[in-house]
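Before any comments, here is the structure.
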Amino acid sequence: MKSWIEKQKYIIDFTLSSLLRRKVKNIGLLILYALIVFILASVMFFTHAIKKEASLVLRESPEMIVQKVVAGRHDLMPLRYRDEILKIRGVQAVEGRLWGYYFDPVFGANYTLLVPPATTATEQAETEPMRTVVTENEHRHGPEEQAMPLVGAETIGAGNIVIGNGIARVRNAGKGEFILFRTHAGEGMPLRIKDTLSSASELVSSDLILMTEPDFRRFFGIPENYVTDLAVSVRNPEELSTIAAKITRLFPDSRPIIRDEILRTYDSIFNWRGGMMIVILSAAVLAFVIFAWDKASGLSAGERREIGILKAIGWETSDIIRMKFWEGAVISLTAFLAGVILAYIHVFFTHSLVFEPALKGWSTLYPQFKLMPFVSAEQLTTLFFLTVVPYTVSTIVPAWRAATIDPDAAMRHTGE
Amino acid sequence: MTRKSSVFLSAIAAQSAILGLLLLHAAISTRTHPPELTEKRALVKALHLTDLCLFTEARYTRHLSQADLSTPFQDHPISLEHFPSGSFLGAPENIRKINEELD
């Protein structure tokens with residue numbers, strides 16, 4: 001065993017010396033290779049982690065949302081729909097949700113205005129306060145300040161709002177300050193910031209503005225007997241699709257969205273086949289594959305002569321294949337490990353710095369979030385077999401072909 | 001003088017060790033639900049939220065699961081989308097079927 005290891009080490013010594021003779025070319029290849037692995041691994045880590053996080057977080061969203069559709073567009077929902085849906089057997093509760101969008105022309109940002117469900121306040125009053133949900137404005141105050149416990153409508157109070165940390169960051173606004181909004185009628189409506197949602201929850205709350213129901217109705221001019229949509233909960237989750245079908249039959253102009261559909265939406269969002277980035281990336285990968293294939297499979301006349309000389313001085317075909325295997329392995333293994341390590345640091349420690357401009361798009365408000373490092377062995381294995389194995393194999397095959405011909409013929413081959 | 005093979009094998013061992021440590025970091029960080037995740041879940045439950053706040057550039061990118069059926073993303077698999085986030089999003093499963101050739 002020891003002699004076998006020693007033999008391999010000698011072959012590696014020889015291979016490294018051979019690679020270092022063509023230093024610039026091989027170092028260039030190594031950097032390019034590592035870069036490709038880095039980008040592929042970053043995309044893999046990012047998409048997997050965000051999909052996993054979305055599925056864990058959105059599992060808590062309402063079991064079913066029912067929208068009213070008018071002329072193909074989402075419209076306000078009359079409260080009589082709620083009363084009718086509540087009569088369907090198996091429906092446990094139906095709550096009206098009040099939410100909408102507000103474009104802030106000063107900062108060019110879109111906010112989501114939301115009324116916390118009425119039950120939230122009651123439920124929270126009965127249970128232990130949720131200290132983690134709402135905190136002081138984190139970007140302006142120190143962490144030593146106490147967290148504020150409740151997000152219910154009753155605790156917000158008329159004339160007050162609770163804002164997401166993204167809004168606080170963009171507007172540089174803090175607790176106690178006023179934000180002037182413009183209502184649907186064009187009147188100014190100053191609202192006092194009562195608190196800020198925590199930065200840890202930015203992935204779901206960065207652009208939220210929580211306010212009371214009367215303020216919300218006054219703001220958008222929504223009549224008392226209308227809500228934005230309905231959140232339906234059922235007794236038996238197995239019956240969700242049956243109840244959705246019943247709702248559609250009862251109200252043909254309604255559109256039920258089941259929680260599974262919400263989860264599926266997020267599962268397919270960051271899919272591999274989706275979009276510009278992958279198209280650009282595939283062109284880069286293809287260019288690399290052509291480059292690597294050319295480098296690995298097409299032996300130059302010099303390399304062929306080298307093989308001939310090695311055979312003439314007593315190297316066996318198996319030794320030459322072993323040398324070529326190590327040549328492929330040295331480059332691909334080093335590049336693979338470097339690429340994967342850099343990708344992990346990029347996605348989970350630097351908030352995906354490279355992807356950020358693309359993800360931000362035209363959004364003024366972009367959440368600052370730290371993804372949980374969900375990495376599976378399957379991902380790494382796929383990446384390994386996609387990168388290391390093809391390269392190593394493609395270096396061996398031509399070497400084997402060259403090594404099996406007569407040394408004399410190999411050495412006499414046309415010069416470089 | 002140190003042999004080249006020893007330098008290479010040490011480098012590979014060091015890289016593997018770093019990768020191992022990072023994977024250990026991933027395993028430890030995701031073994032139990034960290035407070036940040038619990039917090040997000042609590043907020044989603046308390047406020048009846050349905051979507052992640054990833055793209056705030058338009059209403060149909062902010063609430064993807066609640067978007068109108070007639071928004072660019074949901075119109076047709078090849079409908080033109082002018083927002084950059086369109087480069088990340090695919091059309092929903094149910095409308096990916098092509099009904100007729102367009103050209």
Side-chain angles (χ1 to χ4, degrees), chain A residues 9 12-13 16-17 54 56-58 60-62 65 72-74 97 101 109-110 112 114 116-117 120 130 132-133 151 198 200-201 203-207 231 257 261-262 265-266 268-271 273-277 330 333-334 337-338 340-341 344 358 361-363 365 367 372-375, chain B residues 3-9 11-12 14-16 18-19 22-23 25-27 29-30 33-59 61-71 83-93:
Chain A
K9 285 185 80 175
I12 295 171
D13 279 336
L16 288 168
S17 301
L56 285 172
V57 169
L58 296 176
E60 297 295 339
S61 58
I65 296 288
R73 302 193 71 169
H74 183 190
R97 293 200 311 158
Y101 301 102
N110 284 310
T112 300
L114 180 91
T120 312
M130 293 163 58
T132 52
V133 172
V151 288
S198 72
S201 67
L203 190 57
V204 291
S205 71
S206 184
D207 72 334
I257 303 162
E261 289 172 334
I262 295 174
T265 304
Y266 281 87
S268 64
I269 279 179
F270 290 101
N271 231 332
R273 51 118 193 92
M276 184 172 68
M277 202 167 91
V330 163
L333 207 58
T334 313
L337 288 169
V340 170
I341 290 168
Y344 189 97
W362 294 349
S363 312
L365 267 174
M372 281 178 69
F374 290 106
V375 179
Chain B
R3 284 172 63 177
K4 287 192 182 83
S5 57
S6 304
V7 174
F8 165 71
L9 292 174
I12 291 291
Q15 280 184 312
S16 306
I18 294 170
L19 186 61
L22 291 176
L23 293 179
H25 167 259
S29 312
T30 54
H33 288 172
E36 295 88 8
L37 187 72
T38 316
E39 192 171 325
K40 278 177 252 184
R41 286 168 67 116
L43 204 62
V44 168
K45 193 174 183 177
L47 298 177
H48 289 179
L49 301 179
T50 53
D51 289 83
L52 297 184
C53 177
L54 278 171
F55 313 115
T56 58
E57 51 202 358
R59 61 191 169 81
T61 59
R62 169 63 179 92
H63 290 95
L64 292 160
S65 67
Q66 310 295 303
D68 282 336
L69 286 166
S70 54
T71 54
F83 280 111
S85 42
S87 58
F88 288 95
L89 303 166
E93 291 278 351

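Because the structure is predicted, anything quoted here is derived from the model rather than measured. In what follows, chains are A, B, ... by sequence order, proteins preceding strands, each numbered from 1. Hydrogens, waters and symmetry mates are skipped; everything else that's a heavy atom, side chains included, is used.
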[Y] side chain reached by [X] side chain, heavy atoms, under 4.5 Å:
{"X": "B:Leu43", "Y": "A:Glu60", "result": "no"}
{"X": "B:Ser6", "Y": "A:Lys9", "result": "yes"}
{"X": "B:Leu37", "Y": "A:Val57", "result": "yes"}
{"X": "A:Ile12", "Y": "B:Lys4", "result": "no"}
{"X": "A:Leu337", "Y": "B:Ile18", "result": "no"}
{"X": "B:His63", "Y": "A:His74", "result": "no"}

Pick one of side chain, backbone, both or neither for [X], based on which atoms fall under 4.5 Å of a heavy atom in chain B.
{"X": "A:Ala338", "value": "both"}
{"X": "A:Leu203", "value": "both"}
{"X": "A:Leu365", "value": "both"}
{"X": "A:Tyr344", "value": "side chain"}
{"X": "A:Ala231", "value": "side chain"}
{"X": "A:Thr112", "value": "side chain"}

Find the distance between [atom1] ([X]) and [atom2] ([Y]) and round it off to the nearest 0.5 Å.
{"X": "B:Lys45", "Y": "A:Ser61", "atom1": "NZ", "atom2": "OG", "value": "11.5 Å"}
{"X": "A:Ser206", "Y": "B:Leu54", "atom1": "OG", "atom2": "CG", "value": "10.0 Å"}
{"X": "B:Thr50", "Y": "A:Ile65", "atom1": "OG1", "atom2": "CD1", "value": "6.0 Å"}

Work out which heavy atom in [X] is nearest to a heavy atom in [Y]; give both atom names and the distance.
{"X": "B:Ser5", "Y": "A:Leu16", "value": "N-CD1, 3.9 Å"}
{"X": "A:Pro373", "Y": "B:Ala26", "value": "O-CB, 3.3 Å"}
{"X": "A:Met372", "Y": "B:Ser29", "value": "CE-O, 3.8 Å"}
{"X": "A:Ile257", "Y": "B:Ser65", "value": "CD1-O, 3.5 Å"}
{"X": "B:Lys40", "Y": "A:Ala200", "value": "CE-O, 3.4 Å"}

* Say whether A:Asn110 and B:Thr56, considering side chains only, have a donor N or O and an acceptor N or O under 3.5 Å apart. => no
* Does the pair B:Arg41 and A:Val204 meet the rule for a side chain to side chain contact (heavy atoms under 4.5 Å, CB included), with working shown? -> CA-CA 9 Å; B:Arg41 286 168 67 116; A:Val204 291; over 6 Å; no
* Structure fact -> Exactly one of A:Val340, A:Val375, A:Ile341 clears side chain to side chain contact (heavy atoms under 4.5 Å, CB included) with B:Leu22, and that residue is A:Ile341
* Structure fact -> Residue from A:Asp207, A:Leu114, A:Leu58, A:Leu333 scoring the most non-hydrogen pairs under 4.5 Å with chain B is A:Asp207
* Partner chain B: residue of A:Val330, A:Asp13, A:Thr334 with the largest heavy-atom pair count (under 4.5 Å) -> A:Asp13
* Asked: What residue in B:Leu23, B:Asp51, B:Leu9, B:Leu19 has the most heavy-atom pairs under 4.5 Å with chain A?
  -> B:Asp51
